[in-house]
Amino acid sequence: MSAAVRPGVDSLVAAAAAGRRLLLLFDFDGTLSPTVPRPEQARLPTATRQILEELAAAGCQLGVLSGRSLSDLRGRVDLPGVWLAGSGGLELWIEGSPGRKPQRAAEMTTMAAWARDVACEIDRLPGAWLEQKPFGLTIHHRGASPETVAAVRKLAAGLQARTADVRVAVCTLGVEVTPCPEVHKGTAVAEFIAAVGEGSLGLFYAGNEANDAEAMAEVSQRGGWVVGVGEAAPPSHDRVSSPTDLGELLASLASALGRLRRRRGPSDSLR
Ligand SMILES: [Mg+2]
């Protein structure tokens with residue numbers, strides 16, 4: 001683990017030692033899971049899964065937030081007790097119960113109509129493809145030429161210019177479009193915090209993309225520690241270069257919490 005992130009790890013351990021519950025939040029693709037050529041190939045690495053299990057066993061509340069649909073994300077994370085936010089914060093899974101889902105039919109209709117309008121144009125762009133999700137859509141362009149990326153972003157800008165009723169997030173691997181522009185990963189973070197209990201928390205968020213910016217800002221404003229993964233990550237307190245490096249950071253945190261727990265005795269759960 002890089003020495004640069006040691007103070008952040010120490011701050012979380014100090015929070016736990018002071019009796020504060022740790023709420024550790026992560027983006028999935030490119031943060032916990034390495035970037036792969038096709039989104040359906042993304043997996044939670046076994047080593048990272050084991051570390052997350054250790055952190056949960058130490059009493060940390062974990063949450064994973066993604067642009068993927070909730071059902072897709074559940075299939076990939078599949079860890080008991082982990083809270084989830086799918087569709088960029090539109091679908092929540094807290095304490096094993098699905099939370100609210102978007103009810104704004106007009107926005108869904110706007111988005112679907114636009115997708116129909118641009119489907120043919122996207123088909124003509126080599127390396128780009130449209131994914132329709134339950135509460136949004138993504139135009140993927142991972143691995144495509146700069147010309148394709150530029151064309152996809154131009155299409156998305158056209159949509160955003162046409163309506164303020166949808167949210168367009170321009171990311172390095174594609175463009176995400178969701179209804180309910182006021183709902184995002186940042187609002188999901190706020191709901192997770194409210195569900196744990198606002199009073200006494202140690203907060204952490206790791207993300208790698210523009211669509212993590214609101215979540216990072218929310219955690220930072222509440223005094224939490226924000227780590228960016230890779231070069232495209234929004235402004236953050238610290239940066240690691242890859243999901244593997246983030247795994248090392250989390251392993252270091254899990255070890256430190258384990259030592260703290262052993263010092264306190266076997267019944268302590270760090271809550
Ligand atoms: Mg990501």
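Both ligands and their constituent atoms are indexed starting at 1 by order of listing.
Residue Val149 comes nearest to His141 through the heavy atom pair CG2-ND1, 3.6 Å, listed as atom of the first residue, atom of the second, then distance. The two residues Thr178 and Phe135 make their nearest non-hydrogen contact at CG2-O, 3.8 Å.
In this structure, Arg222 pairs ionically with Glu218, as a charged nitrogen and a carboxylate oxygen lie closer than 4.0 Å. With salt bridges taken as basic N to acidic carboxylate O contacts below 4.0 Å, none links Asp27 and Arg68.
Looking only at atom types and distance, the side chain of Thr187 has no donor-acceptor partner in the side chain of Glu182 under 3.5 Å away. Side chain to side chain, Ser87 and Lys133 fail the donor-acceptor criterion of an N or O pair below 3.5 Å.
Taking distances strictly below 2.8 Å, the protein N/O/S atoms close to the Mg ion (ligand 1) are Asp27 OD2, Asp29 O, Asn208 OD1.
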